[in-house]
Amino acid sequence: DFDDVCVRSAIEWTRGMANVYPATHLDVCDPASYPGAGSADIVYNCNLVHISPPACTDGLFDVAAHACVSKGHLVMYGPFKFNDEHTAPSNADFDASLRSRDPSW
């Protein structure tokens, strides 16, 4: 995560989970912040690609390619479209709100 408050929250939520690495600061646009090469079976992403410029999505794929072991996975969660339609009216409203603030999104 990019936000230190969110990092601390994720650390608390996953404390004691032996199969989850502690959350860390990550700037997907800065390769210096990437975790070690081949250090993860899974990179989990939640709610990034719809609320950030396209360069962040490119960086996310770079992070996953760098951090995941061979045959590792990038798991993404978010309000995606299905057949070019939002799956909920609230997602359409949120998308319109984001695009009104920054058309590159």
Side-chain angles (χ1 to χ4, degrees):
D1 201 296
F2 190 74
D3 183 289
D4 289 332
V5 172
C6 292
V7 169
R8 288 191 301 273
S9 175
I11 289 170
E12 288 304 313
W13 274 99
T14 58
R15 187 176 307 282
M17 294 181 183
N19 63 337
V20 177
Y21 287 113
T24 185
H25 173 82
L26 174 64
D27 180 345
V28 294
C29 293
D30 179 9
S33 76
Y34 291 6
S39 62
D41 295 316
I42 296 172
V43 171
Y44 176 72
N45 167 258
C46 180
N47 292 327
L48 170 77
V49 299
H50 65 292
I51 59 168
S52 61
C56 292
T57 300
D58 294 341
L60 172 63
F61 290 128
D62 290 343
V63 167
H66 175 81
C68 281
V69 296
S70 177
K71 299 192 182 202
H73 299 278
L74 169 61
V75 177
M76 298 175 64
Y77 170 85
F80 298 103
K81 290 182 176 180
F82 183 73
N83 290 331
D84 206 32
E85 297 288 330
H86 286 284
T87 57
S90 60
N91 291 346
D93 293 344
F94 187 51
D95 182 59
S97 171
L98 291 172
R99 289 176 190 276
S100 74
R101 291 181 253 166
D102 185 341
S104 72
W105 294 359

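The model shown is predicted, which means the values in this text are computed figures rather than measured ones.
In this view, D30 and D27, A32, S33 satisfy the side-chain contact (heavy atoms from CB on, under 4.5 Å) rule, not counting sequence neighbours. Checked against ring-ring contact (aromatic ring centres under 6.0 Å, His included), F94 has the following partners two or more places apart in sequence or in another chain: H50. Qualifying side-chain contact (heavy atoms from CB on, under 4.5 Å) partners for H66, counting only residues two or more places apart in sequence or in other chains: Y34, A37. E85 meets the side chain to side chain donor-acceptor pair (under 3.5 Å) test with no other residue; sequence neighbours excluded. Applying the side-chain contact (heavy atoms from CB on, under 4.5 Å) rule to A96 yields no partners; only residues at least two apart in sequence or on another chain are considered.
Closest of all the heavy-atom pairs between P79 and N47 is CD-OD1, 3.6 Å. The heavy-atom pair separating C29 from P31 by the smallest distance is O-CD, 3.7 Å. Taking every heavy atom of both residues into account, A64 and V43 meet most closely at CA-CG2, 4.1 Å. Shown here for L48 and C56, the closest heavy-atom pair between the two residues is CD2-O, 4.2 Å.
Atom CG of D41 is separated from atom SG of C68 by 8.0 Å, given to the nearest 0.5 angstrom. Annotation: the span from D95 atom CG to I51 atom CD1 amounts to 11.5 Å, rounded to 0.5 Å. Note that OG1 of T57 is 11.0 Å distant from CG of D62, once rounded to the nearest 0.5 Å.
By the criterion of side-chain heavy atoms lying less than 4.5 angstrom apart, applied directly or through intervening Ile, Leu, Val, Met, Phe, Trp or Tyr residues, Y44 is not grouped with V7; the two fall into different hydrophobic clusters.
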Expected list for residues 70-78: side-chain donor-acceptor pairs under 3.5 angstrom, two or more places apart:
none

Could you give the side-chain donor-acceptor pairs of residues 11-22 under 3.5 Å, partners two or more places apart or in another chain?
| residue | atom | partner | partner atom | Å |
| --- | --- | --- | --- | --- |
| E12 | OE1 | R15 | NE | 3.4 |
| E12 | OE2 | R15 | NH2 | 2.3 |
| T14 | OG1 | A10 | O | 2.8 |
| Y21 | OH | S39 | O | 3.4 |

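Connectivity analysis of hydrophobic side chains (ILVMFWY, heavy atoms under 4.5 Å, direct or indirect) links F82 to nothing; its cluster partners are none.
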